[in-house]
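Shown next, in structure tokens, is the structure this report addresses.
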Amino acid sequence: MPLLLGLEKTITQALDKPGIQTRQHPYVPHITVGRVRNHRARSTLARMAHGLPRQYISPVVVNKLILFESTLNQEGAVYTRFASFPLTG
């Protein structure tokens with residue numbers, strides 16, 4: 001995980017130079033598996049999630065980083081591939 005955090009720091013610093021706004025809170029590596037739109041569904045999902053045991057997976061090799069732009073509309077999020085970066089040495 002230190003390499004991933006270092007990558008995020010490098011990207012954030014590069015974006016700061018031309019004045020592109022980045023997140024103001026600490027980066028936490030994650031995978032988004034879905035979004036919930038209303039409070040009732042969020043509460044139900046939270047109760048279900050708290051009942052699940054924590055799962056840890058083995059380290060994985062990541063060979064590229066793909067950035068997506070997320071645009072919300074009435075039908076949901078539209079994801080557009082923004083850029084791709086190889087992560088091989």
Side-chain angles (χ1 to χ4, degrees):
M1 179 122 42
L3 291 175
L4 186 57
L5 295 173
L7 175 63
E8 185 275 337
K9 183 177 181 180
T10 300
I11 292 170
T12 299
Q13 289 172 343
L15 292 174
D16 283 343
K17 289 178 184 173
I20 298 172
Q21 184 178 3
T22 57
R23 70 171 49 88
Q24 300 302 310
H25 52 83
Y27 173 67
V28 177
H30 68 283
I31 297 171
T32 301
V33 294
R35 298 190 189 278
V36 178
R37 289 190 160 204
N38 65 57
H39 183 71
R40 174 181 268 173
R42 181 176 290 135
S43 297
T44 301
L45 182 60
R47 282 193 305 276
M48 290 172 52
H50 285 293
L52 296 173
R54 286 199 172 252
Q55 298 288 323
Y56 293 94
I57 60 171
S58 299
V60 296
V61 175
V62 178
N63 59 11
K64 67 181 166 182
L65 171 69
I66 302 173
L67 297 179
F68 286 90
E69 177 182 12
S70 173
T71 306
L72 294 177
N73 62 33
Q74 291 181 338
E75 291 81 37
V78 175
Y79 298 98
T80 305
R81 187 176 176 155
F82 187 75
S84 179
F85 305 94
L87 298 178
T88 55

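Minimum heavy-atom separation, Lys64 to Ser84: CD-OG, 4.1 Å. Residues Ile20 and Asp16 approach most closely at O-OD1, 3.9 Å, considering heavy atoms.
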- Evaluation steps, side-chain contact (heavy atoms from CB on, under 4.5 Å), between Lys9 and Gln13: CA-CA 6 Å; Lys9 183 177 181 180; Gln13 289 172 343; 3.3 Å; yes
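Here the side chains of Ile11 and Leu67 are not in contact, with every heavy-atom distance at 4.5 Å or above.
Residues Leu52 and Leu45 do not share a hydrophobic cluster, clusters being chains of Ile/Leu/Val/Met/Phe/Trp/Tyr side chains in contact below 4.5 Å. Under the 4.5 Å side-chain heavy-atom criterion for ILVMFWY residues, a single connected hydrophobic cluster contains both Leu15 and Phe85.
Between atom CD1 of residue Ile66 and atom CZ of residue Phe82 there is a gap of 14.0 Å, rounded to the nearest 0.5 Å.
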